[in-house]
Amino acid sequence: MIREASRTTSLLGRPKRDYLRVVLCSLARSPGALVSTLITAISEYGSTVRGRVWQLFYLVEALVLVHEMRHRNLSQIHVHHANNAADIARVAVLFVARQSNSTWRWTLSMHGPTEFLAPESFDLAKKAQSAAAIACISHYCRNQLIALDPGMEGSKLEIIRMGVDVDTYRPRVMSSTDTHKPRILYVGRLVKEKGVMNLLQALKELADEGVEFEAEIVGAGPLKGDIAAAINDFGLTEYVRLVGPVGQDKLPRLYNWANVFCLPSYAEGVPVVLMEAMSSEIAVLTTSVAGIPELVAHGETGLLVAPGDVSGLTQGLRDLCANAERRVRLGSKARGVVQREFQVRPNAQRLLETVILRGSDNVAPNAGYPASGDQSGLAR
């Protein structure tokens with residue numbers, strides 16, 4: 001991650017004079033293209049007044065993006081999430097088309113769930129129509145897009161899974177028993193939709209019953225203070241440690257410490273942290289929302305409960321704490337699922353071949369992977 005960050009060019013955080021220079025150069029060279037792009041963006045993109053005003057800022061960033069891409073001889077943009085990055089990509093492609101009749105393309109990886117909760121505010125239907133191809137990380141995600149526009153069904157939507165490096169996330173010890181006492185791990189943002197408070201309520205029930213366990217909550221977010229207070233109020237200070245955020249390089253050690261992973265979310269896509277835990281052969285307990293059941297099969301590769309079901313969450317944790325053999329069995333089968341379907345390298349290759357480069361003759365040879373030493377990554 002540190003290496004990739006050093007090779008990434010950001011569109012934000014530049015001196016104001018850099019943005020002004022790009023705008024003035026674009027205006028001098030292609031005034032008609034710039035004005036017509038602005039008119040289209042303001043009139044057709046964004047479903048609210050605020051959203052249309054923001055198109056002004058997205059246009060400026062799009063001009064910077066076009067400049068950076070031309071410098072690298074690139075003509076293909078791929079975006080993860082249908083958020084403001086997608087706004088910038090479609091405006092950039094539109095400007096280039098108006099300016100030079102070049103056929104640049106932009107493609108999209110659709111994750112959810114945020115965009116599906118407010119599709120109009122994200123202008124999701126129009127973005128999906130504008131993208132040349134879309135990689136959906138789950139069947140749930142694909143179905144949500146089809147529901148927005150039934151005419152979108154077809155080859156434009158590909159199921160491309162997210163993935164993890166199974167060599168990085170390996171089991172602690174390959175054995176048929178688990179002699180450690182229950183060690184429960186949560187990794188994620190400390191926000192309401194992750195259900196961390198539900199997890200603490202369940203842990204309080206276990207502690208009150210006299211169940212022995214340790215738990216670590218890893219992550220950062222606006223609920224940090226509330227979670228710390230709840231740990232104290234629930235009498236969990238001897239059981240639960242609030243670790244805070246950690247670097248990606250520290251996560252394998254955390255997974256190797258745990259033998260139960262709990263993610264009691266209300267809204268998700270297909271969480272990478274679940275894949276990391278499962279690849280590490282940890283028994284997972286999570287909620288049956290969005291694309292999670294496509295990763296976790298209840299009773300086979302993990303346990304699923306309804307979101308908000310604290311009683312079910314408590315029972316699932318109680319069962320996993322009491323049954324070391326089941327923890328091992330679920331963890332072993334979970335790693336097999338990740339190895340078969342959720343490995344990062346083959347899925348990244350599929351994304352490149354079937355979505356990013358599909359039908360695109362004008363994409364530069366290094367569009368998929370930056371040349372060594374070249375800061376070809378572009379980030380907002």
Side-chain angles (χ1 to χ4, degrees), residues 8-12 19 22-23 25-27 29-47 51-52 54-111 115 122-136 145 148-149 151-152 155-158 160 351-368 370 376-380:
T8 299
T9 300
S10 177
L11 302 183
L12 293 180
Y19 299 105
V22 170
V23 171
C25 288
S26 301
L27 184 61
R29 295 175 181 174
S30 309
L34 184 59
V35 172
S36 66
T37 300
L38 176 60
I39 292 172
T40 298
I42 293 176
S43 61
E44 297 183 17
Y45 299 162
S47 58
R52 289 168 181 165
W54 272 99
Q55 297 301 322
L56 293 167
F57 300 98
Y58 298 151
L59 174 58
V60 174
E61 293 180 62
L63 296 177
V64 176
L65 176 60
V66 170
H67 171 78
E68 294 287 353
M69 291 181 63
R70 282 178 168 158
H71 178 67
R72 294 164 172 78
N73 193 31
L74 300 173
S75 56
Q76 167 77 37
I77 307 169
H78 185 74
V79 175
H80 282 273
H81 302 287
N83 52 18
N84 47 10
D87 283 284
I88 294 165
R90 66 174 173 178
V91 170
V93 169
L94 176 64
F95 172 70
V96 170
R98 297 276 174 86
Q99 182 189 47
S100 61
N101 293 319
S102 297
T103 53
W104 283 27
R105 302 164 72 250
W106 77 281
T107 51
L108 171 67
S109 279
M110 194 68 215
H111 297 249
E115 299 93 330
F122 281 94
D123 201 20
L124 182 54
K126 289 183 181 178
K127 286 177 182 175
Q129 292 161 1
S130 172
I134 302 174
C136 301
L145 288 179
L148 279 177
D149 181 3
M152 199 181 304
S155 60
K156 183 174 183 175
L157 305 177
E158 293 279 352
I160 309 288
L351 175 65
L352 179 67
E353 294 174 354
T354 65
V355 173
I356 296 178
L357 299 184
R358 184 177 64 187
S360 180
D361 297 328
N362 64 324
V363 178
N366 64 335
S376 299
L378 296 172
R380 187 170 183 275

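Using a 4.0 Å cut-off between a side-chain N of Lys or Arg and a carboxylate O of Asp or Glu, D123 and R52 do not qualify as a salt bridge.
Residue I88 holds its CD1 atom at 10.0 Å from CG of L59, rounded to the nearest 0.5 Å. Rounding to the nearest 0.5 Å places CD of Q76 at 4.5 Å from OG1 of T107. In this structure, CD1 on I134 lies 11.0 Å from CD on E158, to the nearest 0.5 angstrom.
Donor-acceptor pairing under 3.5 Å is recorded for the side chains of R98 and S36.
Across K156 and A128, no two heavy atoms sit closer than the pair NZ-O, 2.7 Å. Closest approach of A92 and A62 over heavy atoms only: N-CB, 3.7 Å. When all heavy atoms of S100 and R70 are compared, the pair lying nearest together is OG-NH2, 3.9 Å. Closest of all the heavy-atom pairs between F95 and T37 is CA-OG1, 3.5 Å.
Contact of the N84 side chain with the Y58 side chain is registered, since non-hydrogen atoms from C-beta on lie closer than 4.5 Å. L12 is listed as a side-chain neighbour of E61, based on a closest heavy-atom distance under 4.5 Å. Counting heavy atoms from C-beta on, the side chains of M110 and L145 come closer than 4.5 Å.
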Tell me, with the steps shown, if L38 and L34 meet side chain to side chain contact (heavy atoms under 4.5 Å, CB included).
-> CA-CA 6 Å; L38 176 60; L34 184 59; 5.8 Å; no
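Side chain of K127 to backbone of N83: a donor-acceptor contact under 3.5 angstrom is found. In this structure, E115 contributes its side chain and A82 its backbone to a donor-acceptor pair below 3.5 Å.
Here R29 pairs with nothing under the side-chain contact (heavy atoms from CB on, under 4.5 Å) rule; sequence neighbours left out. Every residue two or more places apart in sequence or in another chain that forms a side chain to side chain donor-acceptor pair (under 3.5 Å) with Q129 is listed here: D149. By the side-chain contact (heavy atoms from CB on, under 4.5 Å) test, V22 pairs with S26, L63, V64, sequence neighbours left out. Under the side-chain contact (heavy atoms from CB on, under 4.5 Å) criterion, V79 pairs with I77, A85, A86, A89, W106, L108, not counting sequence neighbours. Under the rule for a side chain to side chain donor-acceptor pair (under 3.5 Å), T354 has no partner lying at least two apart in sequence or in another chain. With sequence neighbours left out, the ring-ring contact (aromatic ring centres under 6.0 Å, His included) criterion links H111 to H80, H81. Shown here are the side-chain contact (heavy atoms from CB on, under 4.5 Å) partners of A135, two or more places apart in sequence or in another chain: S109, I160, L351, V355. Residues that satisfy the side chain to side chain donor-acceptor pair (under 3.5 Å) test with Q55, not counting sequence neighbours, are D87.
The salt bridge (charged side-chain N to carboxylate O under 4.0 Å, His left out) pairs that include a residue from residues 33-42 number zero, where partners must be two or more places apart or lie in different chains.
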